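This report refers to the structure that appears directly beneath it.
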Protein chains: 2
Amino acid sequence: MKTETENRIREFKQKCTEAGLRLTHQRMVIYRELIKDKNHPSAEDVYDKVSEHIPTISADTVYRTINTFEQYGLIQRVHVQDDRSRFDPKLKKHHHLICKRCKSIVDFDWQTFDQLTLPKNVQSWGAINSKHVEFRGLCKKCIK
Amino acid sequence: MKTETENRIREFKQKCTEAGLRLTHQRMVIYRELIKDKNHPSAEDVYDKVSEHIPTISADTVYRTINTFEQYGLIQRVHVQDDRSRFDPKLKKHHHLICKRCKSIVDFDWQTFDQLTLPKNVQSWGAINSKHVEFRGLCKKCIK
DNA sequence: ATACATGCAAAGTTTTTGCAACTCG
DNA sequence: CGAGTTGCAAAAACTTTGCATGTAT
């Protein structure tokens, strides 16, 4: 668990070096908060958390850094909410359960789906990079 | 085809009446443009189109009307892009092919998927209302 | 007639950008 | 040292809101 985090940090550092991205203090802290937060944080969430460690950081640095991470494939943008982007540091293939009410996002794996043959008209559409399932509804807590 | 549109308009009028929504000229034109546009238009797209018919309409009316339609289940919001919402007047179950480059959204049906048994951990999450597949990649045009 | 809708203008939110100062490699 | 980063402030982009006027039922 502790090791899990360490591994991700190591991998992060390596990828940054490979990509020619500088390992600044801000980037390290931002990445650490991204992997710590299990609910696919928004940029503002990350800003709030990072501010606790670096009170002088500016929001635009967080936005810019997150965009850079996305661009270099270090995190992914989650398209679930209308008013703000959420981010996902998990790079392994997975799918999402989204609660309409509390906006929580839960990951799940689904190999049966991953192995399905695609419909013909889909195959001729173009080149598909990501196959993603989204279930929306109400999580148990929100049902009450 | 012509009949298809007529049917949707009729159904729209009926739903509005049932819901107690007034059938204003603006709403009629906005709905008509929503079902005419096959590429899941943004609010701005709709505003531009509607402006051709009602030059004095204001953008906020379009936003407000679209929100009302969504609220009453006359259209659905599509969560695909980060910077703006897109809207889908098709209410029947379907899935989306999304081009990263040109942002086009193509509908497809996939009954094999629709009939799949859900993973156990998903079943215990809560109450699911919508099961949606998103394939992202590059459409043929954008591959060139 | 009257409750609901619209238009206008202004404001709210989220995100981006220009530029000088700073810092990692 | 020097190019890539950051912080600041301002702005851009998208969407919402208050209020007076207009209109569908």
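Labels below follow one simple rule: chain letters A, B, ... track the order of the sequence lines, proteins then strands, and each chain is numbered from 1. In this text, all values refer to a predicted model and were calculated from it rather than measured experimentally.
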Next item on the list: Starting from C1' on dT16(D), measure out to CG on Asn67(B) and report it in whole angstrom.
Entry: 9 Å
Checklist line | Connected-component partners of Leu138(A) among ILVMFWY, side-chain separation under 4.5 Å | finding: Ile143(A)
Notebook entry, point to check: Rounding to a whole Å, what distance do you find between Tyr31(A):OH and dT5(D):P?
Noted result: 17 Å
Margin query: Measure CD/Glu18(B) against C1'/dT25(D) and give the value in whole Å, please.
Written below: 17 Å
Notebook entry, point to check: Please, which pairs that meet ring pair (Phe, Tyr, Trp, His ring centres under 6.0 Å) have at least one residue in residues 96-131 of chain B, sequence neighbours excluded?
Noted result: Trp110(A)-Phe113(B), Phe113(A)-Trp110(B), Phe113(A)-Phe113(B), His40(B)-His96(B), His94(B)-His96(B), His95(B)-Phe108(B), His95(B)-Phe113(B), His96(B)-His132(B), Phe108(B)-Phe135(B), Trp110(B)-Phe113(B), Trp110(B)-Phe135(B)
Note to self: Looking at every non-hydrogen atom in both residues, tell me the closest pair between Arg10(B) and Asn7(B) and how far apart they are.
What the structure shows: NH1-OD1, 2.9 Å
Next item on the list: Kindly say if Tyr63(A) contacts the phosphate of dT16(C), meaning a side-chain N or O under 4.0 Å from OP1 or OP2.
Entry: no
Next item on the list: Take atom CE of Met28(A) and atom C1' of dT5(D), then tell me their distance rounded to the nearest Å.
Entry: 16 Å
Item checked: Residues that, via side-chain heavy atoms closer than 4.5 angstrom, fall in one hydrophobic cluster with Ile75(B) -> Ile9(B), Phe12(B), Leu21(B), Leu23(B), Met28(B), Val29(B), Ile30(B), Tyr31(B), Leu34(B), Ile35(B), Val46(B), Tyr47(B), Val50(B), Ile54(B), Ile57(B), Val62(B), Ile66(B), Phe69(B), Tyr72(B), Leu74(B), Phe87(B)
Checklist line | Residue mapping more 5' on DNA chain D - nearest nucleotide basis, Thr68(A) or Ser85(B) | finding: Thr68(A)
Margin query: Whole angstroms only, please: what is the CZ-P distance between Arg27(B) and dT23(D)?
Written below: 15 Å
Note to self: Running the 4.5 Å side-chain criterion over Ile, Leu, Val, Met, Phe, Trp and Tyr, what cluster does Ile98(B) land in, apart from itself?
What the structure shows: Val78(B), Val80(B), Ile105(B)
Next item on the list: In whole angstrom, give the distance that lies between atom CD of Gln71(A) and atom P of dT15(C).
Entry: 17 Å
Note to self: OP1 or OP2 of dG7(D) versus the side-chain N and O atoms of Thr61(A): is any pair under 4.0 Å?
What the structure shows: yes
Next item on the list: Please answer whether the main-chain N or O of Asn39(A) pairs with a side-chain N or O of Asp37(A) as donor and acceptor at a distance below 3.5 Å.
Entry: yes
Next item on the list: Go along nucleotides 18-25 of chain C 5' to 3' and tag each nucleotide: B for a protein heavy atom under 4.0 Å from its base, S when only backbone or sugar atoms are that close, - otherwise.
Entry: BB---BBS
Check: With sequence neighbours excluded, what pairs up with Ser42(B) under the side chain to side chain contact (heavy atoms under 4.5 Å, CB included) test?
Finding: Glu44(B), Asp45(B), Arg84(B), Arg86(B)
Next item on the list: Mind listing the residues from residues 42-56 of chain B sitting with a heavy atom below 4.0 Å of DNA chain C? Number order is fine.
Entry: Thr56(B)
Note to self: Listing request: all salt bridge (Lys or Arg N to Asp or Glu O under 4.0 Å) pairs with a residue in residues 134-143 of chain B, at least two apart in sequence or in separate chains.
What the structure shows: Glu134(B)-Arg136(B)
Next item on the list: Specify the separation, in whole Å, of atom CZ of Arg86(A) and atom P of dT13(C).
Entry: 18 Å
Next item on the list: Any salt bridge (Lys or Arg N to Asp or Glu O under 4.0 Å) involving residues 50-62 of chain A? Give me the pairs, sequence neighbours left out, ordered by first then second residue.
Entry: Asp60(A)-Arg64(A)
Note to self: Expressed as a whole number of angstroms, how long is the span from His79(A):NE2 to dT15(C):P?
What the structure shows: 13 Å
